[in-house]
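Note that ligands are numbered from 1 as they come in the structure, with each ligand's atoms numbered from 1 the same way. In what follows, residues are counted from 1 in the order of the sequence shown.
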Amino acid sequence: MYHKLMLKIFVTRKIPEAGINKLKNAGYEVEVNPEDKVLAKDELISYLKNGKYDAVLALLTDKLDADVFEAAGAQCKIFANMAVGFDNVDIEASKKAGIMIANTPGVLTDTVAEHTFALMLAIAHRVAEADRFARAGKYHGWEPMMLLGTDLSYKTIGILGLGRIGSRVAYHAVKGFNAKAIYYDVNRNEEFEKEFLDSTGSPQAAFRTTPEEVLREADFVSIHVPLLPSTRHLINAERLKIMKPTAYLVNTSRGPVIDEKALAEALQNKIIKGAAIDVFENEPAIEPLLLKLDNIILTPHIASATEATRDKMAELAAENIISALSGKEPPNLVK
Ligand code: GLV
């Protein structure tokens with residue numbers, strides 16, 4: 001009797017079952033890295049060489065380059081990255097190898113925007129610092145001058161990068177906090193601006209032609225650009241100096257967009273008031289000076305980490321694989 005050979009998928013690390021089940025229900029054999037850790041490049045290569053997989057579900061912690069694609073071999077159609085960012089992938093090399101790359105945009109927009117506000121509010125209201133204070137037994141009763149913070153309402157929120165997440169942050173800032181949003185992006189979005197005119201017709205979400213203008217005016221600056229050669233160290237020592245000394249910087253995009261040493265020095269020297277960042281220049285390492293400062297909040301790259309959103313990301317990565325292996329264009333093909 002003829003048995004159709006089962007197509008094989010490699011998953012580089014344990015992910016939510018929702019994604020694995022989707023692949024299994026589509027009739028594929030799924031092999032997951034049995035150790036719950038990032039595979040070093042040589043380990044990933046040896047899995048791929050020995051397994052001869054038809055697709056790989058990969059993570060942003062996997063560096064996907066020409067050597068990896070070569071090891072994957074000609075039968076491998078797609079690497080589906082379970083992340084919206086794909087700066088871990090050498091796209092040119094994937095094209096040369098004839099391998100498709102997909103990402104998971106859209107499903108994490110609300111969650112990352114929420115985490116951005118969690119950080120913005122936490123640094124402005126000194127939440128982490130106050131928690132440390134209370135746990136250290138320093139709270140001896142209400143005080144009129146204790147742990148005074150800063151309001152977000154009615155302030156100017158500067159957005160660098162008005163993609164899906166940046167737009168959602170601007171939306172919440174204007175609609176939820178009566179703030180004014182100003183943004184810089186390589187592409188101006190006039191349609192977006194039209195949605196934010198107040199009753200007098202004055203714009204509540206306005207374009208600025210340079211990042212400097214945003215940095216100069218904003219009370220809070222939130223970064224939402226992809227990591228590209230042009231956005232590496234977008235925030236450096238010179239640009240930090242342009243910001244108001246009362247301003248806060250928030251980053252939920254990619255760590256290398258900020259010169260982390262320059263940020264630590266700016267925070268130590270009170271060039272800006274505070275920062276809250278979810279991503280780091282050399283993950284998982286964190287610039288040691290940042291760990292000593294009270295005017296920064298650090299979260300370990302968890303902006304998309306809610307149960308529901310991680311399920312959706314895993315499912316979407318699986319859907320991209322299923323489409324590719326069915327001869328269709330994956331819904332989130334990176335072109
Ligand atoms: C997370 O950082 C992602 O790119 O999805």
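Salt bridge status for Asp151 with Lys155: absent, with no side-chain N to carboxylate O gap under 4.0 Å. Using a 4.0 Å cut-off between a side-chain N of Lys or Arg and a carboxylate O of Asp or Glu, Asp65 and Lys41 qualify as a salt bridge. A salt bridge does not link Glu281 to Lys261: none of the charged side-chain nitrogens sits closer than 4.0 Å to a carboxylate oxygen. Using a 4.0 Å cut-off between charged side-chain N and carboxylate O, Arg132 and Asp294 make a salt bridge. Between Lys77 and Asp54 no salt bridge is recorded (no basic side-chain N to carboxylate O distance below 4.0 Å).
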Q: Walk me through it: do Tyr47 and Phe10 pass the test ring-ring contact (aromatic ring centres under 6.0 Å, His included)?
A: CA-CA 8 Å; Tyr47 270 107; Phe10 184 62; 4.9 Å; yes

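By the criterion of a heavy-atom distance under 4.0 Å, neither the backbone nor the side chain of Thr104 is placed next to ligand 1. In Leu108, the part holding a heavy atom less than 4.0 Å from any atom of ligand 1 is the side chain.
When only non-hydrogen protein atoms are considered, atom 4 (O) of ligand 1 lies nearest to Arg254 NH2, 2.6 Å. In terms of protein heavy-atom proximity, atom 5 (O) of ligand 1 is closest to Val84 N, 2.8 Å.
Close contacts of ligand 1 with Gly85, meaning ligand atoms under 4.0 Å from a residue heavy atom, involve 3 (C), 4 (O). Against a heavy-atom cut-off of under 4.0 Å, Leu60 is close to the following atoms of ligand 1: 1 (C), 2 (O), 3 (C).
The N/O atoms of His301, backbone and side chain alike, include one that comes under 3.5 Å of an N/O atom in ligand 1.
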